Amino acid sequence: MSSSRKPKTLNEEIIVCRRCPRLIKYCKTIAQEKRKSFQNWEYWGRPVPNFGDPHARVLIVGLAPAAHGANRTGRMFTGDRSGEWLYRSLHKFSFANLPHSENSEDGLILKDALITATAHCAPPDNKPTREELLKCETHLDRTFREVPFRVVIALGGIAWQATIKQLKKMDMLFENEKKFIHAGEMKLKNNCSLIGSYHPSQQNTFTGRLTEPMFDLVFEKARRILNS
Ligand code: SF4
């Protein structure tokens, strides 16, 4: 196969994307420096592709890979505390075959769920700039158009805003657009729904802003919508 062929799949396109020099540099630097406890790891250190079932009815939108989480393991929400929360809840409601996620070879399979992000590269301080988010919108747009979702779950404020923007672009919002409410369901056109959730970051889980029952409620609701 010629190395000059153009990427075809969305994930191939994401992995080779180099549109944000600051983030590409940061991901590489982190991968070289490594955290002490992960010195034996070969860090992924590039854009992290979507993870899950390409035919999913549940599309989960996160913020961005964590520097020593997905930027290390190469798989969304894998190898960090946020991922422990996410996969535990996904497993409880039969969206995942395992309740945890450690590395890309751990056998984890998502069922009827796919995880994407507003930025596919780890940003310093977990904060992509506005420009970087804008650049990564093309990947988000393609994800929304390729995945046959019925329910979208937005994790955190930035994911919520990016999701609303994308849904507007796709003319899926009704006029009575509601504000973000944790575990609140917003009805969309085409019999779809949007559910907002606080991000399962340590900032929220350590402070009690997000508890396990609160987070479970989001996935319980998604399951109920699919079953209705
Ligand atoms: S954040 Fe998105 S647009 Fe920017 S380099 Fe990474 S994959 Fe490309």
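Fair warning: this is a prediction, and the values are worked out from it, not measured in the lab. Atoms within a ligand are numbered from 1 in the order they appear, just like the ligands themselves.
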| message | Show me which atoms of ligand 1 lie under 4.0 Å from any heavy atom of Cys17. | response | 3 (S), 5 (S), 7 (S), 8 (Fe)
| task | Mark up the atoms of ligand 1 that fall under 4.0 Å of a heavy atom belonging to Leu23, in ascending order. | result | 1 (S)
Check this for me: does any side-chain nitrogen of one of [X] and [Y] sit under 4.0 Å from a carboxylate oxygen of the other?
X      : Y      : result
Lys165 : Asp141 : no
Lys221 : Glu185 : no
Glu12  : Lys8   : no
Glu212 : Arg88  : yes

| How about Thr78 and Thr73: does a side-chain donor come under 3.5 Å of a side-chain acceptor? | no
| task | List the steps and the verdict of side chain to side chain donor-acceptor pair (under 3.5 Å) for Thr143 and Asn50. | result | CA-CA 8 Å; Thr143 301; Asn50 292 334; 3.1 Å; yes
| task | Look at His139 and state whether any of its N, O or S atoms is less than 2.8 Å from atom 2 (Fe) of ligand 1. | result | no
| remark: Min over Arg22, Glu137, His120, Arg18 of heavy-atom distance to atom 7 (S) of ligand 1 lands on His120
What protein heavy atom lies closest to [atom]? Include the residue and the distance to one decimal.
atom                    : result
atom 6 (Fe) of ligand 1 : Cys121 SG, 2.4 Å
atom 2 (Fe) of ligand 1 : Cys136 SG, 2.3 Å
atom 4 (Fe) of ligand 1 : Cys20 SG, 2.3 Å

| Part of Thr138 with heavy atoms under 4.0 Å of ligand 1, whether side chain, backbone, both or neither | neither
| Does Glu132 come within less than 4.0 Å of ligand 1, judged by its heavy atoms? | no
| query | Got a sec: does the CZ of Arg19 have more than 12 other heavy atoms crowding it under 6.0 Å? | reply | yes
